[in-house]
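Atoms considered below: every heavy atom in the structure, side chains included; atoms not considered: hydrogens, waters and symmetry mates. Each ligand, and each atom within it, is numbered from 1 in the order the structure gives.
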Amino acid sequence: IFHLVMDERNTPMRTYQVCNVMEANQNNWLRTRHISREGAQRVYIEIKFTLRDCNSLPGVPGTCKETFNMYYYESNNANLWFIKESQYVKIDTIAADESFTQVDVGDRVMKLNTEVRDISNLSKKGFYLAFQDLGACIALVSVRVFYKKCPLTVLNLAQFPDTITGGDTALVEVHGVCVNASEEFEPPKMYCSADGGWLVPIGRCVCKPGFEENKDICQPCRPGTYKASATDAYCTKCPPHSSSPQEQAVECICEKGYYRADTDPRSMACTRPPSAPENPITTVNETCVTLEWSPPRDTGGRGDITYSLHCRKCSGDGRKCAPCGSSIHFVPRQFGLASATVLVTDLQPDSNYSFTIESQNGVSDLSPTPRGSVVINVTTSQTVSVVLKERRSKDSVTLAWQGPERPNGVIVEYEVIYYEKNQREQNYTVLKTRSNMMTVDGLKPGTTYVFRVRARTDGGYGSYGGEIELETNVLAIGDPNQSTILAVSIAGGIVLLIFLVTCFVVSVKLPGSRTYIHPHTYEDPNQAVRDFAKEIDASNIRIERVIGAGEFGEVCSGRLRVQGKREIYVAIKSLKAGYSDTQRRDFLSEASIMGQFDHPNIIRLEGVVTKCKPVMIITEFMENGSLDTFLKKHDGQFTVIQLVGMLRGIASGMKYLSDMSYVHRDLAARNILVNSNLVCKVSDFGLSRVLEDDPEAAYTTRGGKIPIRWTAPEAIAYRKFTSASDVWSYGIVMWEVISYGERPYWEMSNQDVIKAIDEGYRLPAPMDCPVVLHQSDRPKFGQIVTILDKLIRNPASLRELANSSCALYLSREDAPTPDFSVSTVDEWLEAIKMGQYKENFSSAGYVSLDSVLYISVSELAKMGVNLAGHQKKILSSVQSLQTQGTHVQV
Ligand code: AMP
């Protein structure tokens, strides 16, 4: 029935009403017209309605309902006039929520409820919505159908179009298009999340040469500036001696007389050829001459000056000159000399030469003007003519000689060189004198020597005269041998070796009592097991059920009878038959590691069975299994304080491990176990195999398997696993916990995760995440425990949520809600209309309000609160107790 009523502002409000509560067997339907889905895969339906409490209707029979059903039917046909009941797909059963706004209707108060549901994976043109009433008293006030879009946006110079959010696969990958005058640096992409926000930007565009970035566009470089490469960030001023008269310059043009070499970067000043070399000097040495000069006064603005030489041989009067030809040589070379000196060899004695020294640099070839050069003339000297006389004794020889006829300067001295015949290479002696005669003493008797003589003038040395062989008399003695030296060096080596060994012994760190000992430091791995794990008699173990599968065999639950104590529940991991020695050792290594730990948040080792088969590891039993599966199973069912309590436990276990210098390497929710009291314990210890058997671990380019999503970047890049990298993994675990087991980085590929992290992207705060829990620091585990403890003691600090997109889901917090004070469990239960459970609470020991603050779903179930709706109502009220003290929202 279509009704017109007045809302709180007295404006007419149309509603569809049904209220056949007095009659049985109701089945009333209300259907919408065809609603086009406009390409959206997920559509949200917000309904506002009022629902009468059956209790408030006097004398209604038991058939009175407080719910109605919502359905949809997908169709390409927009004009269906009849749809069969069986064709509809049910969306949900809708009940009145405990939160509401009040609407005065005449003298009655209407409770207006708002509920949002979604339907996903739509594929046809549109759908019909339908409402089924089975005997309730309902007024449907509004139905709002909408979908969410990620709005058109420009990021990193890439434009991302208006994108409709996805269906069940939460993220839509969108490729960006580079804005005008830009090009791809790395393909830009982002993900459009289910709630209409853009996530994880990767890649970017860059402005083309001649353009620079300004806000979200590329604008041309102004005159006088340029940008040569797309990867340069901004246009820069033209370098010296260049200019750019027009906009959009990709380079600046050189001034007249200045040039830019091909290899010069565009950012370098324009340059010009150098001036001529200066102050050349020569030093003649027989038929060689060394030329030296000073660099040009003007280098042209460059550092790449080289020199080239040209040689001409001239007639005696210096008038006629001709190129020297290939018989003379330049050391190190004739052209492209880097230093201002060269040695010219194989000149002819007693001749005139003219050398031209040219300077050039990287732009000389671009300039039409001739190279700067300087010319120097050289005359080579004559040889000492002949040795005139000689005199011999058994140990000395006397020589006399004639000087050169036309020396090229004043003779400064003579040089006598001699050596034993046939031993020139090993040993020759040089003596000098100013006179034309010399006596050479100290010679060996009975030995033949070779002598040569040359003159030196102020222009350099002349050439040697011919060789003279002379022999003395009597016999000689040999050299001392070198065996002593060898003996000394061997002794030295031994001393060094001893020194090294000493250092090594001293630097080995002796493990302290609180440091974890790696089982591999034991020569016999069985000894490590004996040292750290208690041997259990297999007859004391009763295996009951298989609860999981491990790398080495089944994991079972069962009971262990311990002498003098009652039976305890245990988990039993066994090593499957047909194992190798290495497998047995690796399997037991987990026990020898676990056995070293003793902490309430580390899985406790009860012992091992190694004396008979199968080999087993017995640990305490964790009723709720691994944390990731547990959270997924109980999505949304815990209070923030409970979640933070779990995180606190994990941090405390990790602090203990890091204090023991144990690095876990594979901290993830799947490797945390949960017991019936919601206590979380770190598990999965072992050696290399820990990562080998983790299905999340992927091979990296550097070899080795790493669970990418949980691992710190430095550990992925160069295997730097430390307690600090464990803290990174802990951050990921926090995210997993707060998001109830969501997969970190959703369905992004490992490669995209690595890239995104590298570019500074971090996981956003999950829905309903307290602001204080979402920070991107890497504290020590000790600090984390302290921070979490503070938050638990002051729950109000957890109230502000990080994620504003949660506002939709939390809107009821904004609604004015009546609250009143309660001081006992009974009052509280009454206030939230759960009074029927007063008995259950008091007999389970919950007598004070404080004691219910940390209650869990499983505890509620144990005390007999089994209806999911009631559990939810109680837990959400517990949450408000935590955040608002004893003011209860009803
Ligand atoms: P694991 O080989 O240690 O990864 O164990 C395989 C699976 O067995 C785990 O994912 C858990 O579900 C289960 N499991 C292992 N240890 C325990 C335990 N102490 N208590 C309960 N379940 C366990």
Side-chain angles (χ1 to χ4, degrees), residues 519 529 533-534 536 540-560 562 567-577 579 582-609 614-634 646 649-650 653-654 657 662 664-697 705-707 710 729 733 736-737 741 743 858:
V529 179
K534 196 169 79 192
I536 291 179
N540 289 333
I541 301 167
R542 201 162 79 224
I543 298 179
E544 289 173 340
R545 275 186 309 122
V546 177
I547 53 168
E551 152 89 346
F552 294 98
E554 284 173 342
V555 183
C556 298
S557 65
R559 290 170 210 230
L560 170 69
V562 194
E567 270 190 338
I568 55 167
Y569 285 101
V570 287
I572 304 147
K573 278 193 193 181
S574 45
L575 179 56
K576 59 180 170 241
Y579 52 81
T582 333
Q583 280 175 317
R584 181 180 192 273
R585 199 189 57 205
D586 285 353
F587 175 72
L588 286 172
S589 74
E590 178 163 21
S592 35
I593 294 171
M594 221 190 294
Q596 297 182 44
F597 304 138
D598 175 18
H599 188 273
N601 297 103
I602 306 288
I603 192 86
R604 191 181 66 246
L605 177 72
E606 296 296 343
V608 290
V609 177
V615 174
M616 295 186 265
I617 297 179
I618 319 294
T619 61
E620 67 181 302
F621 181 60
M622 301 293 283
E623 294 82 349
N624 281 315
S626 56
L627 179 59
D628 62 333
T629 345
F630 176 67
L631 287 170
K632 281 180 206 145
K633 208 157 84 194
H634 297 281
M646 295 181 199
I650 302 166
M654 289 307 298
L657 293 182
Y662 179 83
H664 191 289
R665 291 169 174 239
D666 196 10
L667 180 58
R670 64 184 169 283
N671 289 331
I672 303 290
L673 292 169
V674 188
N675 74 9
S676 59
N677 293 322
L678 238 53
V679 176
C680 289
K681 307 201 180 195
V682 181
S683 85
D684 251 75
F685 302 98
L687 304 170
S688 53
R689 71 124 198 129
V690 171
L691 292 176
E692 291 301 324
D693 84 6
D694 185 337
E696 278 296 347
K705 270 179 122 184
I706 289 180
W710 282 263
S729 313
V733 172
E736 288 184 275
V737 169
R743 181 168 168 73
S858 54

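Remark: of the listed residues L673, V674, N601, N624, N601 is the sole one forming a side chain to side chain contact (heavy atoms under 4.5 Å, CB included) with V679.
Listed for the D684 side chain is no donor-acceptor partner under 3.5 Å among the backbone atoms of D666.
Interatomic distance, I541 CD1 to E567 CD, rounded to the nearest 0.5 Å: 11.5 Å. For the atom pair CG (L605) and CD (E620), the distance works out to 10.0 Å, reported to the nearest 0.5 Å. One distance of note links CE of M616 with CD of E606; it measures 14.0 Å at 0.5 Å rounding. Atom SG of C680 and atom CG of L631 lie 7.5 Å apart (nearest 0.5 Å).
Atoms of ligand 1 found under 4.0 Å from any heavy atom of V555, numbered from 1 in the order shown, are 5 (O), 6 (C), 8 (O), 14 (N), 15 (C). Listed by number with element, the atoms of ligand 1 under 4.0 Å from a non-hydrogen atom of T619 are 19 (N). Within ligand 1, the atoms closer than 4.0 Å to a non-hydrogen atom of A571 are 17 (C), 18 (C), 19 (N), 20 (N), numbered from 1 in the order shown. With ligand atoms numbered from 1 in the order given, ligand 1 contributes 18 (C), 19 (N) to contacts under 4.0 Å with heavy atoms of E620. Near I547, meaning under 4.0 Å from any of its heavy atoms, are these atoms of ligand 1: 21 (C), 22 (N), 23 (C).
When the heavy atoms of K573, E554, E623 are ranked by distance to atom 3 (O) of ligand 1, first place goes to K573. With distances taken over non-hydrogen atoms, the option nearest atom 17 (C) of ligand 1 out of L605, L673, D684, V570 is L673.
Using a 4.0 angstrom heavy-atom cutoff, A549 counts as in contact with ligand 1.
By the neighbour-count criterion of 12 heavy atoms within 6.0 Å, atom OH of Y569 is sparsely surrounded, having that number or fewer from other residues, nucleotides or ligands.
Of the N or O atoms in M622, one or more lie within a sub-3.5 Å distance of an N or O in ligand 1.
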